[in-house]
Structures are given as C-alpha cells and as structure tokens.
There are 2 protein chains.
Amino acid sequence: MSEIDILPRDFQSLKARIIERGPALPKRLTQVATYALEHPDEIAFGTVASIAVEADVQPSTLVRFSQAMGYQGFSELQEVFRSRLRDRILNYEERIEQLRQHALSASKSHVIFQGFTEAAEKSINALQEKLEPKKLDRAVEILSKAETIYLLGLRRSFPITTYMSYAFGKLGVRNVLIDAIGGLAQEELGFAAKRDAVLAISFTPYASETVALAQAAAARNVPIVAVTDSGFSPLASLAETWFEVAEANFEGFRSMAATLSLAMTLTVAVAEMRGRRP
Amino acid sequence: MSEIDILPRDFQSLKARIIERGPALPKRLTQVATYALEHPDEIAFGTVASIAVEADVQPSTLVRFSQAMGYQGFSELQEVFRSRLRDRILNYEERIEQLRQHALSASKSHVIFQGFTEAAEKSINALQEKLEPKKLDRAVEILSKAETIYLLGLRRSFPITTYMSYAFGKLGVRNVLIDAIGGLAQEELGFAAKRDAVLAISFTPYASETVALAQAAAARNVPIVAVTDSGFSPLASLAETWFEVAEANFEGFRSMAATLSLAMTLTVAVAEMRGRRP
DNA sequence: TCACTGGTGGAATAATTGTTCTATTTTCTT
DNA sequence: AAGAAAATAGAACAATTATTCCACCAGTGA
C-alpha cells in the first residue's frame, strides 16, 4: 500500500487525477478542482493571487490543492498546465502559413496537393459539425430494412457508389450498382420495389439521368436515401431522408473526402445493423 | 507623420512588426527579435531573467526590445505571446476525447462515422508528412508526357481510377479506364505503348489481375507510376516512381481519403502541366 | 583628437511572487 | 452536546519579479 504513486507530468494524466480525487476533496479544494478543469488557461498563465481571486479562494488554498494532487507546491502543478499549451500542435493559421512558406520552395504539384488535402480536411470537419445523428440513424434504418439496396450515382458520384458496392459485397449485403452500362440504367433499376431502397447521390449540376431515375423509383414507392449538396436539390424532395454534404473545393475541384466518409459509414452501419458481417 | 501607430494585440500582427522592424534594430535587439520568433513559447512562459539567460542578453535588453516594439514594458509584450497560446484550438487528443464524450450519448452509427472521419484525417496527415515532392514531380512529368494515360486499379482501388478517369475527361486529358468489363482488361491495356503511361493503384492483398496487367505493360516498356502501400508491393519494383500511401483504418475498413487526395492532385497537376485546361 | 550620440551591461529598487505558519472556523465523532 | 480533528482564512515571509537607472563603451563627424 505504501507504493509511491507517480505524479502526473502531462496534462492528460493530471486531469484524470483531478477528476478521480476531486469529488472526495474538501469543499474549497473541490472548488479549485472544478475551476482548474474549467479554466486551464488561467491556471497556466495566472499567478497564485490572480487565480485565487478568480476562483474565489485564498492563495493558500491553491497551494494546498496542489499538494493534495501530490505536488510540492503550486508552481509544480502550474508547470503541468503549461505543458499542455507548450506541446500543442500548430493552430490552423500557423499551419496554413507554414504550408505557404513550404510552398515557396516547393513545386507547383506540391501546392496542388496541399490544396486538396486542405479541402479534404475542411470538408470532413464541416460534415462532422453538421451531420445530424438522427438523420444518420434514420438512413441506416431504411437501408438495413431493404431487401436489395440500389446504388445510384453517376458521373462525379459514381466512384462513391462503386466503393459502396464493393464494400457491401464484402459484407454480404445484397446491392445493385447502377452503372448505366449499355444505357441500361432504367432496366437496372427496374426491379426495385417498395421492399428495397435506393441510395441516390448527386451534386450540382445534378445529372439529369440520376434525377430521372430517382423520380421513377420514388413513383413506385421505393424508399430513397439521398446524399446531395443543398435543400434545393431535386433529390431532397424525393427522399425519405437526405444528407447535406458541402464539399470544399480547390481550383474548382470538389473534394470527395466527406462524401466518402459518409458513404463508408452508411455501408458499415447498415451491415452491422443487419448483423450479417461475414 | 506623428500618426499614432496601433500596437499589436494579437500575435500575428506583432510577428509582422518584429519581422518588419527587427533587422533595422541595434545588434542586441535584433538578437532578441530572432530569439522571440524562434522560441515564442519561451517568451510566453518564461520570466525576464530566464529568457535573458536563454537568449544570452541582459534582462534590461528585453525591456528595451519591448519598448522598441511600442509596448511599455516586457509584461505587455509577453501578454501578446500568451494570447497566441490561449486562443489555440483544441489539440488532437482533446478533440478525440470530446468526440468520445459525444459518442456516449450518440448512436452506434455516429460512432462509426467518427471512426471513419478520424481515420481519414489521420491518413491525410500522414501522407502530408511523408509525401516526397520530388516523387510527385517525377510522376507528374511521366504522366503528362504520356499520349494516353491508362488507369489501372481494380476492386478497392477502382473507385479511385474511376474518379480520375472522370476528371481527366473533364480536363481534356486522354485516358483509358481499365474496368475489366467482360473480362477484357488485357485487351483494354493492349494498345498501351512506350509513349503512353500506366497509373497503377493496388493495396494489400494485391489483386493478382492488377499485378499481372502491370507486369505485362512493364514488359512492353510502358512507363508505370504506382500508388501502393509498401515497398514490398509487387507494383513498387515495376514502377518508374511510386507512392507509399498508408491509410488508417477503422474496424478493418481502410480510409481512402489520402489516396483520393493524391489521385486528385495527380489529375490536376498533369492537366496543368499540359496546359490544356478547357 | 575631441565631444557627442546611441547602445549596452549590470547593479539598485520597489513591487509582486509562491510559500509557510498560525489562529479560527467548520465538520465529524461519540 | 461536547470534544477532537480537519479545513480554512489571512497575515507574514523570503525569494523573485519587472523595471529603472546610470556608468561605460563603440562608433561618428567635426
């Protein structure tokens, strides 16, 4: 029992310790614990006096708190809070700037590469913030109930449906990829019925064939899940549920990163829901 | 001329001022300017005494430097350096943790989504760090010299080649997408000659057909650019130049985000090089 | 060579720092 | 309800803080 416990030197483990021991501490020390977790920057930059005022405790309380966490004094604890800021990765602006500087010495193709990766990250972040879990659940529900999933996406969206078809195949989920080979798209979708479902993907300018096919399917009461880029999309009104994916672009070329992430999610989530993973 | 200049309150503008005025300053102050830009964290956290030692100047020099930048004293300047750290966005670990917490209340499909976006970001970051600009330039050179670009990637890689074929088409770059329809892959690649080029994409487990087709092309001296996931890949030895793309995976499903970014880069860079953008 | 200027190093200073100590209050136990 | 223990507030402390000041130095133009 007399084992010497290692005192946290990085913020992550100190945070864990505060959360663990905090609630069991005396009143004023709990107060400090709460404040510390809520205002880590203040602890990092402030002085004992200034923090004491902010947290509404006595300076000595801060020292006692530090000692309760295992440190000799406040300064030692503060050092850990400072390390959190020290080791941070560069912020967005700095990263961009660094890229720009690199770009000066780098080739044109490298600049293009940076542009596309930047667009990809932006798109993904935007979708992360915007995606509504409820819509996702609804889409997964519809698709996993379907006997056969028809994957409809032409032109720019075709790579996405192609990938989904590949992954669904691996996962044992019955699907039909509408590839419009031989102009037979209409026929490929011909057997789609109410017990099935269509996943339709299209972005501006909406490929007229995709829209027409989706309309035909909707007319036959086939449930439709859509992935598109705005509420004005003709697909949005046809669909049971739909996703708005705004892809950032570089030199007019839209990233497909966010759409691809969403497609992979739908694929795996549907397979899991069916409990049929081979 | 007696216009009052606004003193920088954010790091970005202070940095600009240091760069602007720095070189014109006296010797010791230039020394401080250099140190400040190279060790901003030290300025933010250190004391006048400690920084003076590190930068090998007198404490008073730091105060004089601060005044030369327009501030009343060192403390005022330090505050700007601290603001840089205060306003930083969450670091990677914190972001992950935040996602995890969200995940507790979210649905399973949302967790999957987070997994895939995380994998995508990781893959992209990894490629950003690893990609050698020289290889990129070499690949662009080979492909842009080609009369026809043959896009070879089956199974998991097929969505990528499909996208490239679409984009190349838009950009007016002659290309052939090997889609192996009707088992005619061999024939599709049959006309590839030395004046053309093959872009081959394959990841473990390397589709045997892709490897065989690439070998056949290499035997006929068609230049090959490969995208694969390790130096042990059979494609690596066949290629004039090749890219190693390590995609992070989630539940065994590899992200395609990095590969896609690289593919888009190659596409646009080749088109630019040819100067044939419509 | 000389005075003069701007720049520098280093000591002096007053304020503020983190920590310690103790009287007092609060909390718990019996 | 009374005593013991723990927790707290606040003053006291030495150490360290940023800043100021002044003697000295190097370079410049007369």
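Because only heavy atoms are used, hydrogens play no part in the values below, and waters and symmetry mates are left out as well, while side chains stay in. Quick caveat: nothing in here was measured; it's all calculated off a predicted structure. Order of the sequence lines fixes the chain letters, A, B, ..., with proteins taken first and strands second; residue numbering starts at 1 for each chain.
- Rounded to whole Å, the distance from CG on B:L62 to P on D:dT17 is 13 Å.
- The side chain of B:V63 approaches D:dT20 more closely than any other nucleotide in the set D:dT20, C:dT19, D:dG10.
- Rounded to an integer number of Å, the gap from NZ of A:K27 to P of C:dT26 is 9 Å.
- Here A:R84 pairs with A:D41 in a salt bridge; the nearest charged N to carboxylate O distance falls below 4.0 Å.
- Regarding contacts with the backbone of C:dT16, every side-chain N or O of A:T47 stays at 4.0 angstrom or more from both OP1 and OP2.
- Rounded to whole Å, atom C1' of C:dT8 lies 12 Å from atom CD of B:Q31.
- Taking 4.0 angstrom as the limit, A:Q58 places a side-chain polar atom (N or O) nearer than this to OP1 or OP2 of D:dG10.
- When each of D:dA18, C:dG9, C:dT20 is scored by its nearest atom to the side-chain atoms of B:R28, the top-ranked nucleotide is C:dG9.
- Crowding of B:E79 atom CD: a count of heavy atoms from other residues, nucleotides or ligands under 6.0 Å exceeding 12.
- Residue A:E76 contributes atom CD, which lies 13 Å from atom C1' of C:dT19 at whole-angstrom precision.
- In this structure, the CZ atom of B:F65 is 20 Å from the C1' atom of D:dT20, given to the nearest Å.
- Among the nucleotides C:dT8, C:dT19, D:dT8, the one closest to any side-chain atom of B:L29 is C:dT8.
- Across B:A36 and B:F81, no two heavy atoms sit closer than the pair O-CE2, 3.7 Å.
- Counting to the nearest Å, the P atom of D:dT17 and the CD atom of A:Q78 are 12 Å from each other.
- Side-chain contact of A:R28 with A:Q31: a donor-acceptor pair under 3.5 Å is present, judged by distance alone.
- A donor and an acceptor atom, one from each side chain of A:S66 and A:E76, are nowhere located under 3.5 Å apart.
- Contact annotation: B:R64 side-chain N/O to C:dG7 OP1/OP2 distance is not under 4.0 Å.
- Within 4.0 Å of A:Q72, counting heavy atoms only, lies no atom of the nucleic acid at all.
- The shortest distance between the side-chain N/O atoms of A:S60 and the OP1/OP2 oxygens of D:dT8 is not below 4.0 Å.
- Using a 4.0 Å heavy-atom distance criterion, A:Q67 is classed as a sugar-phosphate-only contact.
- Distance CZ (A:F45) to C1' (C:dT17): 18 Å, rounded to an integer number of Å.
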